[in-house]
Amino acid sequence: MSNPEGSLSEGTVYGSRIGMTEDTFALLERNRVSAEPWDLEETKPNVEALERGVPGLYLSCFDMLLTEDATWLVEVSEASPTLAMSPGLQRQEEERSLEQVQSMVVGEVLKDIETACKLLNITPDPIEWNTGNVQKWLLWTEHLYRLPHAGKAFQDLTGKDLCAMSEEEFRQRSPQCGDTLHAHLDIWKSAAWMKERCSVGDTKTTGAEDLWSEADSSCSGQPIHLWQFLRELLLKPHNYGRCIRWLNKEKGIFKIEDSAHVARLWGLRKNRPAMNYDKLSRSIRQYYKKGIIRKPDVSQRLVYQFVHPV
DNA sequence: TAAAAGGAAACCG
DNA sequence: CGGTTTCCTTTTA
C-alpha cells in the first residue's frame, strides 16, 4: 500500500483483463460472507480484514485529500473555486477507491486459489487437470461452499472438458449447484488466463505476480514430505491456526489442535482418503530417529518439536 | 479414551 | 530404495 497510485492502476488493468464483471465480484463476496464450513477459515483468509479494510481504505484516501493535498486544494480553490472538490473529482476518487477494493479482492482470490492448489496438489490452470484433479476441485469447492455433492455428475471429465462446458451444461449435470460450480470454474479460468498474461507481459512487478511466483516456487519439485507439509500449515496461521499452531516458533515447538482436521488435509494432499491421525502420527514418529521432529522436553499430548527450527 | 510408542509389512514413485 | 501408509499391540496420561 506504499504506492496507492500503482495498485490503483494495476487494479484497473486486472479488473478488465480478466473480465471480472460486477456480478462476479458480487458472487465472490456473497460466498465469502455466507459460507462457513470447517475449513472456511483456511481458505478464506482476510475476509473480515478485507471487509473492514474497505471503509478504512476509503477513509485513508479521504485523509490524504484533507492533509497532503490541503494546501493544493486551497490554492486551487482560490484560483478557481469551482474546481475544488468538483463532482467530477469526487467521482474520480470514488472510482479509484472501488478499483483499489477490486484489486484487493482479486488478490484475495489469487491467494485462495494458490492455497487450494497447494492443498490439493493441482495446477492453477483448469485446462491442465485430469479427471482426478477435476474430482478434487469439485470436492474442495463443494465443501467450501456447502454445496451438495455433485462429483458423480462430472465423473470422467477432464479440466479441458469442464472448461468447454457452458453454464447450461453445468446445470444439466447438476441442477442444484451447476451454476455455482460454473461460476467458480470461471474464476479459476480467469485467474489462470491472467497469470499467463502477467508472466509474458510487462516486466513491472505487481502484487499479484508476487503471489504467483510464490505459488510457483512452492509448487515445483519432488513429492512433499510430511514435515514440509506441517511447516507449510504452520507458516499460514491465518489459514490453519485453528488446527495447528506454534507454541514456540523459535524452538520449533508446535501443537496440533485438531488432529482429525490436519490428518484430513494431509490425506487430501497425498491422495490418501483413509488418512487419519493414527497413521499421520506414526509417520511423524518415523522422524524421531531421523532427527527431523521429536517430542519436546516436557512431553505433551499433540505437541511436537522440529529438531532444526527455521 | 485418545494419544503415544514402535514393530512389521505393504505400498509406491 | 526411501518415505511413508497401513495395521497392530502395549503403554500412558
Side-chain angles (χ1 to χ4, degrees), chain A residues 37-43 114-140 142-143 149 151 155-160 214-237 239-310:
Chain A
W38 53 269
D39 50 3
L40 174 69
E41 291 81 3
E42 328 166 341
T43 50
E114 179 203 335
T115 303
C117 285
K118 276 193 197 169
L119 202 65
L120 303 175
N121 199 21
I122 61 177
T123 65
D125 193 346
I127 286 280
E128 298 170 21
W129 294 347
N130 60 28
T131 55
N133 298 154
V134 168
Q135 290 299 311
K136 274 186 174 184
W137 176 80
L138 282 169
L139 214 64
W140 171 255
E142 281 159 10
H143 76 213
H149 183 58
Q155 218 152 30
D156 301 325
L157 287 175
T158 65
K160 215 172 173 179
E214 186 191 330
D216 289 344
S217 68
S218 57
C219 277
S220 64
Q222 296 297 301
I224 191 161
H225 291 199
L226 176 56
W227 64 268
Q228 293 176 311
F229 180 77
L230 295 175
R231 272 241 155 87
E232 274 185 22
L233 299 188
L234 286 160
L235 278 175
K236 299 183 181 299
N239 300 1
Y240 304 106
R242 284 207 167 73
C243 60
I244 184 171
R245 66 187 179 88
W246 293 114
L247 289 188
N248 184 332
K249 191 169 180 179
E250 289 66 43
K251 291 184 178 173
I253 301 174
F254 62 94
K255 175 165 187 178
I256 295 172
E257 299 281 3
D258 184 338
S259 57
H261 192 164
V262 173
R264 204 156 46 214
L265 294 173
W266 177 233
L268 255 179
R269 178 63 171 267
K270 286 291 293 290
N271 256 329
R272 298 281 153 182
M275 183 51 60
N276 57 27
Y277 181 68
D278 181 49
K279 290 183 271 194
L280 184 148
S281 63
R282 183 69 192 91
S283 291
I284 292 180
R285 268 176 256 124
Q286 306 277 32
Y287 288 144
Y288 292 174
K289 57 172 167 249
K290 296 186 180 183
I292 297 172
I293 289 176
R294 65 180 185 116
K295 251 344 206 174
D297 295 326
V298 276
S299 180
Q300 301 168 75
R301 281 191 144 202
L302 298 165
V303 177
Y304 298 90
Q305 176 170 16
F306 283 104
V307 174
H308 303 294
V310 192

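All chains are named by letter (A, B, ...) in the order of the sequence lines, taking the proteins before the strands, and each is independently numbered beginning at 1.
The side chain to side chain contact (heavy atoms under 4.5 Å, CB included) test applied to Asp278(A) returns Asn276(A), not counting sequence neighbours.
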Quick test: give all pairs of protein nitrogen or oxygen and nucleotides 3-7 of chain B nitrogen or oxygen below 3.5 Å, distance rounded to 0.1 Å.
| residue | atom | partner | partner atom | Å |
| --- | --- | --- | --- | --- |
| dA3(B) | OP1 | Ser259(A) | OG | 3.3 |
| dA3(B) | O4' | Arg301(A) | NE | 3.4 |
| dA3(B) | O4' | Arg301(A) | NH2 | 2.9 |
| dA4(B) | OP1 | Lys295(A) | NZ | 2.9 |
| dA4(B) | OP1 | Leu302(A) | N | 2.4 |
| dA4(B) | OP2 | Tyr277(A) | OH | 2.5 |
| dA4(B) | OP2 | Tyr304(A) | OH | 3.2 |
| dA5(B) | OP2 | Tyr288(A) | OH | 2.8 |
| dA5(B) | N7 | Arg285(A) | NH1 | 2.9 |
| dA5(B) | N7 | Arg285(A) | NH2 | 3.4 |
| dG6(B) | N7 | Arg282(A) | NE | 3.2 |
| dG6(B) | N7 | Arg285(A) | NH1 | 2.7 |
| dG6(B) | O6 | Arg285(A) | NH1 | 3.3 |
| dG7(B) | N7 | Arg282(A) | NH2 | 3.0 |
| dG7(B) | O6 | Arg282(A) | NE | 2.7 |

Between the protein and nucleotides 2-4 of chain C, list every N/O to N/O distance that falls short of 3.5 Å.
| residue | atom | partner | partner atom | Å |
| --- | --- | --- | --- | --- |
| dG3(C) | OP2 | Lys290(A) | NZ | 3.0 |
| dT4(C) | OP1 | Leu226(A) | N | 3.2 |
| dT4(C) | OP2 | Tyr287(A) | OH | 2.7 |
| dT4(C) | O3' | Lys270(A) | NZ | 3.3 |

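Considering every non-hydrogen atom in both His149(A) and Leu139(A), the closest pair reads CE1-CD1, 3.5 Å. Of all heavy-atom pairs spanning Leu230(A) and Val262(A), the tightest one is CD2-CG1, 4.1 Å.
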message: Checking Arg264(A) against Arg269(A) for the side chain to side chain contact (heavy atoms under 4.5 Å, CB included) test, could you report, in this order, the C-alpha distance in whole Å, the side-chain angles of both residues, the deciding distance, and whether it holds?
response: CA-CA 9 Å; Arg264(A) 204 156 46 214; Arg269(A) 178 63 171 267; over 6 Å; no

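Ring-plane geometry between Trp246(A) and Phe254(A) is classed as perpendicular, the angle between the planes exceeding 60 degrees on a 0 to 90 degree scale with a lower cut at 30.
Looking at heavy atoms from C-beta onward, Phe306(A) lies out of side-chain contact with Ile253(A) at the 4.5 angstrom threshold. Residues Leu119(A) and Tyr240(A) meet the side-chain proximity criterion, which asks for heavy atoms closer than 4.5 Å.
The list of side chain to side chain donor-acceptor pair (under 3.5 Å) pairs with a residue in residues 248-257 of chain A, not counting sequence neighbours, reads Arg245(A)-Glu257(A).
Proximity of a side-chain donor or acceptor of Asn121(A) to a complementary backbone N or O of Lys118(A) within less than 3.5 Å is not detected.
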Residues 286-295 of chain A side chain polar contacts: donor-acceptor under 3.5 Å, at least two apart:
| residue | atom | partner | partner atom | Å |
| --- | --- | --- | --- | --- |
| Tyr287(A) | OH | Leu226(A) | N | 3.2 |
| Tyr287(A) | OH | Trp227(A) | N | 3.1 |
| Arg294(A) | NH1 | Asp297(A) | OD1 | 3.1 |
| Arg294(A) | NH2 | Gln305(A) | OE1 | 3.2 |
| Lys295(A) | NZ | Gln300(A) | O | 3.0 |
| Lys295(A) | NZ | Val303(A) | O | 2.8 |

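The distance from atom CG of Asn121(A) to atom P of dG13(B) is 12 Å, rounded to the nearest whole Å. Summarising the geometry, the separation between NZ on Lys279(A) and P on dC12(B) is reported as 13 Å, rounded to the nearest angstrom.
Taking the screw axis at each terminus of the helix from dT1(B)-dA13(C) to dG13(B)-dC1(C) from five consecutive base pairs, the angle between the two is 30° to within rounding of 10 degrees.
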